[in-house]
Novice: 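Sharing a structure, written as structure tokens. Questions coming.
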Amino acid sequence: MATDNIGITISNHLLLNQQLTEGATGSYTRLLQALVLACKIIQRDVAKAGLVDILGRAGTVNVQGEEVQKLDELANNTVKRRLSASGEVCGLVSEEEADIIEIPRQYPQGGYVVHFDPLDGSSNIDANVSIGTIFSIYRRVTEPSNDINLQDALQPGLKQVGAGYVIYGSSCILVFSTGQGVNGFTLDPSIGEFLLSHPNIKTPNKGKIYSINEGNYGYWDEPTKNYVDWLKNGYADHKIHYTARYVGSLVADFHRNLLYGGIFLYPADLKDPKKPQGKLRLMCEANPLAYIVEQAGGRASTGKERILEVEPRYIHQRTPLIIGSPDDVRVYEEFVEGKRG
Ligand code: P6P
């Protein structure tokens, strides 16, 4: 696939990809184009949020028990509407909604299922901190004539046929993979097009950045405490001074580490008995980012198991997430295995 065409539009990139994919019917391209349109609309709403009455809370609580921001609702409805109208999906699963979202009957039922977090990090919106949209794409596995069911929605991350995220930050960047490497596209608002800006992204094997909420230190297990202590105090024996960076917005922390190298950790913590596996969601956060990072040469695990191999039991399942440069993630795993202490 052509990846050196800096400046090529994402539409041309997708069509080129389709031409190079034997048996491609255009369905997948139309699905991705619907996602791109949804993200452009969300970027428009995020960019003007401070100017119109869409900042702040919507006055409701989502299935995660989190305050819904007005922009959350806007983003969620935008993704649902655009993907449903594409005619390429048979069901959606949103981080904002409890159950599988069925596609309105006026639209064709397509062959894909999409998990998405419409606006991750939204508690940061009012402070103008970077936030993002994350998506994960599967083929349905049940009979096309039937309604979508849990078997279609609960597939391990290894079964993804594509995944990506958009970061609404100093610029708007869409990073995604369909299994042939990772490419980043930057939105040129003057023409309303995403242009290829980061072809064939590869993450460094080892980094110097660690990203974790150290306010949770008291709730971590011993291996996690020992690992972070080693990072901070272990200059003598690993001769790398690590620096701490934590935005508190998953897409921002992940994207920085993807490009610069390093490790992001949201381990299980004992802070909230309702979330013994940690805060992040397997299907709409960990799996898509794990797919991306592995395509970029990185590694993603729970500390004990490869994220993409975790068998989902329910759609809003949470998981510890240790992700980034492979050498850094491997060192953490050695602390968990007791090989380092
Ligand atoms: P904490 C944002 O609310 C989010 O879901 C992710 O974007 C982010 O990585 C994480 O929570 C931050 O959580 O507990 O450190 O504030």
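Counting starts at 1 for both ligands and their atoms, following the listed order. Remember, it's a predicted structure, so these values are computed and weren't measured experimentally. Numbering of residues begins at 1 and proceeds along the displayed sequence.
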Novice: Which ligand 1 atoms are under 4.0 Å away from a heavy-atom of N213?
Specialist: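 Per the distance check, 1 (P), 14 (O), 15 (O).
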
Novice: May I ask you to check whether E193 and T9 show a side-chain donor-acceptor distance below 3.5 Å?
Specialist: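 E193 vs T9: no donor-acceptor pair found between side chains.
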
Novice: Can you list the atoms of ligand 1 that are under 4.0 Å from a heavy atom of Y266?
Specialist: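 The list of qualifying atoms is 1 (P), 13 (O), 14 (O), 15 (O).
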
Novice: Look only at the side chain of Q180 and the backbone of S177, and say whether a donor-acceptor pair between them is shorter than 3.5 Å.
Specialist: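 No, Q180 side chain to S177 backbone: no donor-acceptor pair under 3.5 Å.
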
Novice: May I ask you to list the atoms of ligand 1 that are less than 4.0 angstrom from any heavy atom of Y246?
Specialist: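 Going through ligand 1 atom by atom, the ones under 4.0 Å from Y246 are 1 (P), 12 (C), 13 (O), 15 (O).
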
Novice: Taking 4.0 angstrom as the limit and counting only heavy atoms of G121, give me the atoms of ligand 1 inside it, by number and element.
Specialist: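 So the atoms of ligand 1 that pass are 2 (C), 7 (O).
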
Novice: Using a 3.5 Å cut-off on N or O atoms only, is L250 in polar contact with ligand 1?
Specialist: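 There is such a contact, yes.
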
Novice: Indicate yes or no for a side-chain donor-acceptor contact from N257 to the backbone of I263 under 3.5 Å, with no hydrogens or angles considered.
Specialist: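 Yes, the answer is positive, given that a donor and an acceptor are paired below the 3.5 Å cut-off.
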
Novice: Is the centre of the Y138 ring less than 6.0 Å from the centre of the H115 ring?
Specialist: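 Ring centres of H115 and Y138 closer than 6.0 Å.
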
Novice: Would you say Q295's side chain and G181's backbone share a donor-acceptor pair under 3.5 angstrom?
Specialist: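 Yes: the side chain of Q295 pairs with the backbone of G181.
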
Novice: Determine the minimum heavy-atom distance between S27 and Y112, stating which atoms define it.
Specialist: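 In this case the closest contact between S27 and Y112 is CB-CE1, 4.1 Å.
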
Novice: Of all the atoms in ligand 1, which lie at a distance below 4.0 Å from a heavy atom belonging to S249?
Specialist: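 With S249 as reference, the close atoms of ligand 1 come out as 7 (O).
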
Novice: Considering only heavy atoms, does R281 approach ligand 1 within less than 4.0 Å through its side chain, its backbone, both, or neither?
Specialist: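 Contact part for R281 vs ligand 1: side chain (C-beta onward).
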
